[in-house]
Number of protein chains: 2
Amino acid sequence: MTSTPLSRSEAKDLTRRKLIKAALAILDEEGEAGLTTVKVAKAAGIAQSSFYVHFKDMQDLLRELAEEGGRRLRRAMREARSKAREAPSDLDRHRETFRIPLEAICRHPELLRIQMRAKHDPSSSLRAFALETSAAYREHHAADLAALGYTADDERDRRRLEMIAEGINAATNALAMGHLEGRYPDLEEAADILVALSRGALRLLRSSAAERST
Amino acid sequence: MTSTPLSRSEAKDLTRRKLIKAALAILDEEGEAGLTTVKVAKAAGIAQSSFYVHFKDMQDLLRELAEEGGRRLRRAMREARSKAREAPSDLDRHRETFRIPLEAICRHPELLRIQMRAKHDPSSSLRAFALETSAAYREHHAADLAALGYTADDERDRRRLEMIAEGINAATNALAMGHLEGRYPDLEEAADILVALSRGALRLLRSSAAERST
DNA sequence: TTTTTCACCGATAGTACTATCGGTGAAATT
DNA sequence: AATTTCACCGATAGTACTATCGGTGAAAAA
């Protein structure tokens, strides 16, 4: 065992991280309603009153959580994009566009669970964050589809592209959750379905583009 | 104005319905966390303690709400099926399969909001109901797709059909919510997208069926 | 008419959580 | 070595909600 001659600030930072980690676990297991200073402090191994040494109140902790979540998400989206670019063919690139987020969700399912919950809960402190995240991911995906060659020239096509992105996102989340619940054991099959779904939608864009050029 | 010589049982039933209605409104506006006997009773115009004349506790009211919701949903699914059958062509039938639920959601968006929230909230008393509802709707939609001629013979195709149904359902909900939020003003466009999405997925089933018969 | 029933009331005990307080000891500074 | 700082502690006042109590008056039953 290594001895632990922690400086005061190091020790404080460690406790703070413990609080955040504990909050995340409780948030996932019991939801925002079950998240109390009593439980978080106990799980982090400190007194309830000491919670306030680190955060002004629970809102403050949740704000921090949202900021960290946002940072992680932006990093993940950047990485996903550069990874997908490595794919040799258009087909592979299209497929990677779905495989990567599916795997990301399965690596940290609690983040999606928390986000999906907050998105629809008007009382949630994380709601604004969840809505922003959703919008960011929708735009990201719309850009991905556009990068595959389905450029949207007019207002209507841009809206369509966004609808497709939103629909496909929702389907991605649903299938990932289904996988985690054990209903769809093979993640590759889920990716197949998503590719097929988006193919159908993109065919719509292509056909309307062809119509226009007639 | 008609005079109101209500019998005792009629008056009680009226109060009960007022409580349920108030609970639904609060559930939609503030979420399950904001649902208290104080607020529900006040909104229904009775004393907080009188809440217990009608329900054992809040769980009891939520159970009643879930049962009523279940009854409504089953009725709506029956009606949707018979309505879709009226469509003259296969194409129209396919489109109606999406138009009908989209319109149903927009008629009572609070029901979907409450359900989506409960589905992901482990602390929710309505969670079991939300999960059942989800599963029922998934099966319903899978049956709809099968009725369009995409019969699933083996295990793999059955699972695929279910994944498609789940994905399309999620997309339907997402687009309906987007419409309600004002992002997608035209519900017909949303239906177009959903038809296109499902077309793509069903093409996958058809191609694998063709492959098998080679 | 007399008696019983019961939906509703106000009061209140009990429970859970928040947020602040002064006190303590060890780390950091002087 | 003396002093200051501060992360943490236990205690507790304040707040919000739950669930039960006995009381009341009007409807229903006798």
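Proteins come first, then strands; the chains are lettered A, B, ... in the order of their sequence lines, and each starts at number 1.
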Under the salt bridge (charged side-chain N to carboxylate O under 4.0 Å, His left out) test, residues paired with A/Glu155 that sit two or more places apart: A/Arg158
Worked check of salt bridge (charged side-chain N to carboxylate O under 4.0 Å, His left out) between B/Arg95 and B/Asp92: CA-CA 5 Å; B/Arg95 205 156 187 290; B/Asp92 288 334; over 6 Å; no
A/Arg99/A/Glu188 under salt bridge (charged side-chain N to carboxylate O under 4.0 Å, His left out): CA gap, chis, key distance, verdict: CA-CA 7 Å; A/Arg99 269 258 320 279; A/Glu188 297 304 316; 3.6 Å; yes
Residue closer to the 5' end of DNA chain C, A/Lys39 versus A/Ser9 (nearest nucleotide): A/Lys39
Electrostatic pair A/Glu96:A/Arg85 at N-O distance under 4.0 angstrom: no
Interface residues of residues 40-51 of chain A with DNA chain C (non-hydrogen, below 4.0 angstrom): A/Gln48, A/Ser49
Contact list for residues 72-84 of chain B, test salt bridge (Lys or Arg N to Asp or Glu O under 4.0 Å), sequence neighbours left out: B/Glu68-B/Arg72, B/Arg81-B/Asp144
Short N-O contact, B/Arg113 and B/Asp28, less than 4.0 angstrom: yes
Electrostatic pair A/Asp13:A/Arg16 at N-O distance under 4.0 angstrom: no
Positional range of nucleotides in DNA chain C within the contact set of chain A, heavy-atom, under 4.0 Å: C/dC17 to C/dA28
Watson-Crick and G-U pairing of DNA chain D written in dot-bracket, each distance under 3.5 angstrom, with | for inter-strand partners: ||||||||||||||||||||||||||||||
Report, one line per pair, each donor and acceptor closer than 3.5 Å where one atom sits in a side chain of residues 164-180 of chain A; sequence neighbours left out.
from: A/Glu166; atom 1: OE1; to: B/Arg183; atom 2: NH1; distance (Å): 2.5
from: A/Glu166; atom 1: OE1; to: B/Tyr184; atom 2: OH; distance (Å): 2.4
from: A/Glu166; atom 1: OE2; to: B/Arg183; atom 2: NH1; distance (Å): 3.4
from: A/Asn169; atom 1: OD1; to: A/His141; atom 2: ND1; distance (Å): 3.1
from: A/Thr172; atom 1: OG1; to: A/Ile168; atom 2: O; distance (Å): 2.7
from: A/His179; atom 1: ND1; to: A/Tyr184; atom 2: O; distance (Å): 2.7
from: A/His179; atom 1: ND1; to: A/Pro185; atom 2: O; distance (Å): 3.4

Heavy-atom neighbours of B/Lys42 NZ exceed 12 at 6.0 Å: no
